[in-house]
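Encoded as structure tokens, the structure appears first; notes follow it.
The chains referred to below are lettered A, B, ... by the order of the sequence lines, with proteins before strands, and numbering in each begins at 1. For clarity, every value in this text was computed on a predicted model and none was experimentally measured.
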Amino acid sequence: MKFQAPKGTRDFFPREMAWRNHLIDAWRRVSIRNGFEQVDGPIFESLDLYKVKSGEGIVNELFHFEDRGERELAIRPEFTPTLARMVAERAGALPKPIKWFCTPNLCRAERPQRGRLREFWQWNVDILGLETPVADAECIFTAVDLLSELGLRPEHVRVKISHRRTVRHILAKMGVPEEGMTGAFDLLDRRDKLTTEEFTTGATKLGLDADRVARFDQICRLKYGVGKLDQMRDQIGVDEEMADLAALDAELRAFGIAPWCEYDLGIVRGLAYYTGTVFEVHETSGALRALAGGGRYDQLIEIFGGPSTPAVGFGMGDVVLSNVLMDKGLMPEDVSPRPDVYVFAATEGGAAGLSATVADLRRAGLHTRFSYKASRSVGKLIKEASASRARFAVILDDHSAHGRVSLKNLDSGEQHVVSVEELLKLVAAK
RNA sequence: GUGAGUGUAGCUCAGUUGGUUAGAGCAUCGGGUUGUGAUCCCGAGGGUCGGGGGUUCGAGUCCCCUCACUCACCCCA
């Protein structure tokens, strides 16, 4: 019997675990400096919680099971329902605005492919209780702050922004009837995957004539920089429902992230519950799926039984993010913790004091490793110390009985004979 | 759920028209030389060639089935 990790899941050997921690540390660090507080919920919830938001169809896409009390449960495929439940439960008592983040692992019963696995980690950032586009801009700023923290730049990734109400207004003005809106959004979303014929057929079904089909097609593809909303007004001829976007535009500039952002009316997001701003972070070559996606969902908390609460947020998964960093050559070689010192004995006399020295160094708070080898070959042991990525080698020899050791800086190669007290000082000073 | 591609050591791969006991490099482990990270030398472990069936005197190699992985579709909360 041979076992392997289940389809779409990953084992985290030390290297991978170090990377996962590095990423989650970055998520946490950036969240905190942007004023968000960390929360978490259970890894499984009542299956109904997910049906409320997404309908029966969701059941095939998640892992669900029954407990011994015949309760139907599901492993969390997303965090938003839990968040909504938590907010609805204490809505009255929580100080506003609510700014929360979370770094849950999520599971979806989908077929794995590039950028998509069955278990992954996702950074969730949400602001609840604020209607102002400042909150939308702050979410986008936080996402950009993280991307920047990991070495990405506007030439690598771009935040593509649209607005549900603005787009709805444009579509209505073009003659798309109210009942055709869902179909129109779907068409917008899938434009890049459709042939011209398929697109035209779809648009015609919505009641658009050839002229308007062409304009619709054009609108899907138009992109505008931050600060260029006037161009959008002129080219599309849109007048109303622009105030929200204009306010967001001003904030994006004020936050200093204009170069990272662009308006792209082809961004829809599949979710029916978005009500205003929607955005996705894409790698600029367009080769990979979205790194992150989010938007405003002002009615969701009510659906979960809470009071009417405006909300905006986004999610960013670890898989595509790692893919992008790898593709751009920004994946660090090794982010495992570096030992401060690596101790070994060059003589039998030195070996007598090995364990005691290690214990002293560890009690002093140093990340201390030592050689388990019987070899007294200094060259071999230095090599071992170096392979451990330690900053210093501590060499014990026959003088060590008198409290003197050789301290070698493995980065510079410098070596001095020092007392243990001096050693602690030198290592602490870097 | 649909389709395509790929499966030989931990990794990258070689393996002749089917022919003896399946190989290399890297990695791992042990040892040796040089009292200081290199280089070098010796050695070891690790494979039911993804699995099953078939053809054949003989299958890593040919055929069928199956499984896994990868990629694309559906979907993407």
Using the [atom1] atom in both, what is the distance from [N] to [M], to the nearest Å?
N     : M     : atom1 : result
B:U48 : B:G60 : C1'   : 12 Å
B:U6  : B:C13 : P     : 14 Å
B:A44 : B:C69 : P     : 36 Å
B:U12 : B:U17 : C1'   : 28 Å
B:G10 : B:A72 : P     : 28 Å
B:G52 : B:C67 : P     : 15 Å
B:U61 : B:A9  : P     : 15 Å

Heavy atoms under 4.0 Å, any strand shown: does [X] hit a base, just sugar-phosphate, or nothing?
X        : answer
A:Glu384 : nothing
A:Gly315 : nothing
A:Leu62  : nothing
A:Ser386 : base
A:Leu381 : nothing

Kindly check if the number of other-residue, nucleotide or ligand heavy atoms within 6.0 Å of CD (A:Glu241) is above 12?
yes

Over-ring placement of [X] relative to [Y], 6.0 Å and 45° cut-offs:
X        : Y        : answer
A:Arg164 : A:Phe185 : yes
A:Arg369 : A:Tyr342 : no
A:Arg296 : A:Tyr274 : no

Protein-nucleotide distance ([X], atom [atom1]; [N], atom [atom2]), rounded to Å:
X        : N     : atom1 : atom2 : answer
A:Ile382 : B:G37 : CD1   : P     : 8 Å
A:His399 : B:G35 : NE2   : P     : 16 Å
A:Tyr342 : B:G37 : OH    : P     : 16 Å
A:Ile395 : B:U36 : CD1   : P     : 10 Å

Specify whether A:Phe12 and A:Trp121 have parallel, tilted or perpendicular ring planes, treating 30° as the upper limit for parallel and 60° as the lower limit for perpendicular.
perpendicular

For A:Pro6 and A:Ser412, find the nucleotide of RNA chain B closest to each by heavy atoms; which residue's nucleotide sits nearer the 5' end?
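On the 5' side of the pair lies A:Ser412.
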
So which protein nitrogen or oxygen atoms get under 3.5 Å of nucleotides 29-33 of chain B's nitrogens or oxygens?
from	atom 1	to	atom 2	distance (Å)
B:G30	OP2	A:Lys373	NZ	2.9
B:G32	N7	A:Lys380	NZ	3.3

Should the pair [X]-[Y] be classified as a salt bridge under the 4.0 Å nitrogen-to-oxygen rule?
X        : Y        : answer
A:Arg20  : A:Asp318 : no
A:Glu198 : A:Arg190 : no
A:Asp145 : A:Arg29  : no
A:Glu280 : A:Arg158 : no
A:Glu384 : A:Lys373 : yes
A:Glu119 : A:Lys7   : no
A:Glu37  : A:Lys99  : no
A:Arg376 : A:Asp397 : no

Per-nt protein contacts along nucleotides 70-75 of chain B (heavy atom under 4.0 Å; B base, S backbone sugar-phosphate only, - none) come out as -SSBBB

Identity of whatever pairs with [N] - Watson-Crick or G-U, under 3.5 angstrom:
N     : result
B:G58 : none
B:G25 : B:C11
B:U34 : none
B:A72 : B:U2

Where along residues 290-312 of chain A does a heavy atom come under 4.0 Å from RNA chain B, residue by residue in number order?
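None, since no heavy atom is under 4.0 Å.
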
